[in-house]
Each structure stands twice: as structure tokens, then as C-alpha cells.
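Within every chain, numbering begins at 1; the chains are lettered A, B, ... in the order of the sequence lines, protein sequences first and strands thereafter.
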Amino acid sequence: MNVNEKDYRKKVYDVVSEIPAGRVMTYGQIAIVLGEGYTPRTVGYVMHAAETENVPWQRVINSQGACSTGRMTIPMNLQQELLETEGIVFNEKGRCDLRVFQWHPEGFEPEEDIQPSLLG
DNA sequence: AACTTGACGAGGG
DNA sequence: CCCCTCGCCAAGT
């Protein structure tokens with residue numbers, strides 16, 4: 001039997017559902033985790049419908065640490081406000097520090113490249 | 001079936 | 001740093 005075509009989106013929602021409060025993932029990162037067939041753009045395309053799904057859609061932001069919901073149906077400040085409620089800090093340019101807040105699923109942890117001095 | 005449109009991202013200037 | 005260009009691929013027209 002053929003697999004449900006909606007499975008393409010479901011896989012994205014599954015990953016998003018794993019993001020804990022107070023952490024974020026980027027569109028590109030999710031595309032890498034899901035592998036072939038997924039690109040940052042298609043992940044974004046899936047996410048535009050996520051507001052009606054039962055997933056923490058607000059925890060997905062762009063690679064610069066900023067919210068991309070600007071001109072869409074969602075007010076751009078709503079996403080940021082929700083994340084700030086979870087403890088994420090944004091600077092005056094609307095960007096947060098991914099070195100601090102980015103979530104890495106199991107099996108996708110980064111190498112120890114991070115300089116502790118940068119976190120202070 | 002062809003063309004356009006994105007909640008994107010890397011790289012060059 | 002900011003700005004622009006190009007690649008990416010599902011969906012809508």
C-alpha cells in the first residue's frame with residue numbers, strides 16, 4: 001500500500017514536537033535531520049500550516065536566530081513573544097543566540113567546537 | 001503540463 | 001555587518 005502523502009509533513013511535525021520549551025531549531029537544521037527530499041524552503045512551506053497542528057511551531061526560526069513570520073498570517077511579534085515567555089532572549093534586532101538556544105536532537109549533536117568563552 | 005511562490009540558506013560583494 | 005543572487009522542492013494556479 002502507498003504511504004500517506006501527508007507523511008511528508010508529518011515527519012516535519014514529528015521533529016518539531018521534540019523541541020523542548022526554551023529551545024529552537026532552524027528550518028535548515030530540520031531539513032538536514034530529515035534528509036533527502038527536504039530543504040530549508042520545503043520545511044518552511046510545511047511550517048506555514050503548522051499553526052493549526054498540535055505542534056510548538058514557534059520554536060522553529062531561521063538560521064540567523066530570528067523569526068520569519070513577518071508578512072504571513074501570524075504577527076511577527078507573536079512568535080517572538082511566545083519564545084520570550086519560554087525564556088529565550090532576543091536582542092534589539094530581533095535575533096537570539098543560536099549557540100545558546102538551538103536544540104540538537106539525539107544523534108545530531110554538534111562537535112565540541114563551541115568556545116566556552118563565547119558563552120559568557 | 002508549465003510557471004510561480006514561499007515561516008530558507010550559503011556564499012560572494 | 002548588510003544586500004543581492006541563486007539553489008532548493010512541494011503546492012497552488
Inset, instruction - Using side chain to side chain contact (heavy atoms under 4.5 Å, CB included) as the criterion, point out the one residue from A/Leu98, A/Val33, A/Val43 that pairs with A/Met25. - result: A/Val33
Inset, instruction - State which of B/dG9, C/dC2, B/dA7 makes the closest approach to the side chain of A/Lys93. - result: C/dC2
Legend entry - Spacing between A/Arg95 atom CZ and C/dC1 atom C1', to the nearest angstrom: 9 Å
Inset, instruction - Take atom CG of A/Asn62 and atom P of B/dA7, then tell me their distance rounded to the nearest Å. - result: 12 Å
Inset, instruction - Examine B/dG9: is either OP1 or OP2 under 4.0 Å from a nitrogen or oxygen in the side chain of A/Ser63? Give yes or no. - result: yes
Inset, instruction - For DNA chain B, find the residues of residues 17-24 of chain A with a heavy-atom distance under 4.0 Å and give them by number; none if there aren't any. - result: none
Legend entry - Heavy-atom check, side chain of A/Ile19 versus side chain of A/Val60, under 4.5 Å: yes
Legend entry - Interatomic distance where CD belongs to A/Gln64 and P belongs to B/dG9 [whole Å]: 8 Å
Legend entry - Spacing between A/Tyr13 atom OH and B/dA7 atom C1', to the nearest angstrom: 11 Å
Inset, instruction - In whole angstrom, give the distance that lies between atom CG of A/Asn77 and atom P of B/dA7. - result: 17 Å
Legend entry - Donor-acceptor pair, side chain of A/Tyr8 and main chain of A/Gly37, under 3.5 angstrom: yes
Legend entry - A/Gln79, A/Gln80, A/His48 screened by side chain to side chain contact (heavy atoms under 4.5 Å, CB included) with A/Thr69, the one that passes: A/Gln79
Inset, instruction - Inspect the surroundings of CG in A/Asn54 and state if more than 12 heavy atoms from other residues, nucleotides or ligands are less than 6.0 Å away. - result: no
Inset, instruction - Looking only at side-chain atoms of A/His48, point me to the closest of C/dC2, B/dG9, B/dA7. - result: B/dA7
Legend entry - Shared hydrophobic cluster, A/Tyr27 / A/Val16 (ILVMFWY, side-chain heavy atoms < 4.5 Å): yes
Inset, instruction - Mark up nucleotides 4-10 of chain C, 5' to 3', with B wherever a protein heavy atom is under 4.0 angstrom from a base atom, S wherever such an atom reaches only the sugar-phosphate, and - elsewhere. - result: ---BBBS
Inset, instruction - Might you point out which heavy atoms bring A/Thr26 and A/Asn62 nearest each other, and give the distance in Å? - result: CG2-O, 3.6 Å
Inset, instruction - Please determine if A/Glu86 and A/Arg59 form a salt bridge, counting it only when a charged side-chain N lies under 4.0 Å from a carboxylate O. - result: yes
Inset, instruction - Determine yes or no for a side-chain-to-main-chain donor-acceptor pair under 3.5 angstrom, with A/Gln29 supplying the side chain and A/Trp103 the backbone. - result: yes
Legend entry - Nucleotide B/dC8, atom C1' - distance to CG of A/Leu98 in whole Å: 13 Å
